[in-house]
Amino acid sequence: MTEKKAQPGPRELFGQEWKSPELSPRDRSLVTVASLITSGSSEQLTFHIPLARQNGVTEEETIGTITHMAFYAGWPRAMSALNVTRELFRKA
């Protein structure tokens with residue numbers, strides 16, 4: 001792993017990494033949302049849920065992802081994510 005890849009900044013992360021052909025932006029957003037839920041990083045969802053919607057993820061798919069993650073990440077983390085997500089959907 002190169003030093004540049006070892007310490008990516010926003011430009012690298014949202015530039016070349018989000019444009020790599022291995023995953024579509026939509027799939028990348030779903031993976032990111034799931035990862036944030038499992039790590040308990042619900043505050044980061046305020047950025048990534050709207051981005052996921054821009055990338056084609058529906059409200060139903062977002063809620064389904066959170067529900068599915070409850071079984072793997074635990075109920076408290078999923079509920080925290082659901083609270084953030086509901087608030088974002090109310091504002092949209």
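We number each residue from 1, following the sequence as shown.
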**Student:** Say whether, by atom type as modelled, one donor and one acceptor occur between the side chain of Ser41 and the main chain of Gln44 under 3.5 angstrom.
**Tutor:** no
**Student:** Mind checking the CG-CD spacing from Leu45 to Glu43? Nearest 0.5 Å is all I need.
**Tutor:**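 Taking CG in Leu45 and CD in Glu43, the distance rounds to 8.0 Å.
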**Student:** Return a table of donor-acceptor pairs under 3.5 angstrom between the side chains of residues 77-92 and protein atoms on other chains or two or more places apart.
**Tutor:**
from, atom 1, to, atom 2, distance (Å)
Arg77, NH1, Thr38, O, 2.4
Ser80, OG, Pro76, O, 3.1
Asn83, ND2, Met79, O, 3.3
Thr85, OG1, Ala81, O, 2.8
Glu87, OE1, Arg90, NH2, 3.3

**Student:** Who else is in Leu30's hydrophobic cluster (ILVMFWY, side-chain heavy atoms under 4.5 Å, direct or via others)?
**Tutor:** Val57
**Student:** If the condition is side chain to side chain donor-acceptor pair (under 3.5 Å), which residues does Ser35 pass it with, not counting sequence neighbours?
**Tutor:** none
**Student:** For residues 62-76, pull every pair meeting side chain to side chain donor-acceptor pair (under 3.5 Å), keeping only residues two or more places apart or in separate chains.
**Tutor:**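 The answer is none; no pair qualifies.
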**Student:** Just so I know, are the side chains of His48 and Leu36 near enough to count as touching, which here means a heavy-atom distance under 4.5 Å?
**Tutor:**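 Counting from C-beta outward, His48 and Leu36 do come under 4.5 Å.
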**Student:** Would you please name every residue forming a salt bridge (Lys or Arg N to Asp or Glu O under 4.0 Å) with Glu61, sequence neighbours left out?
**Tutor:** Arg26
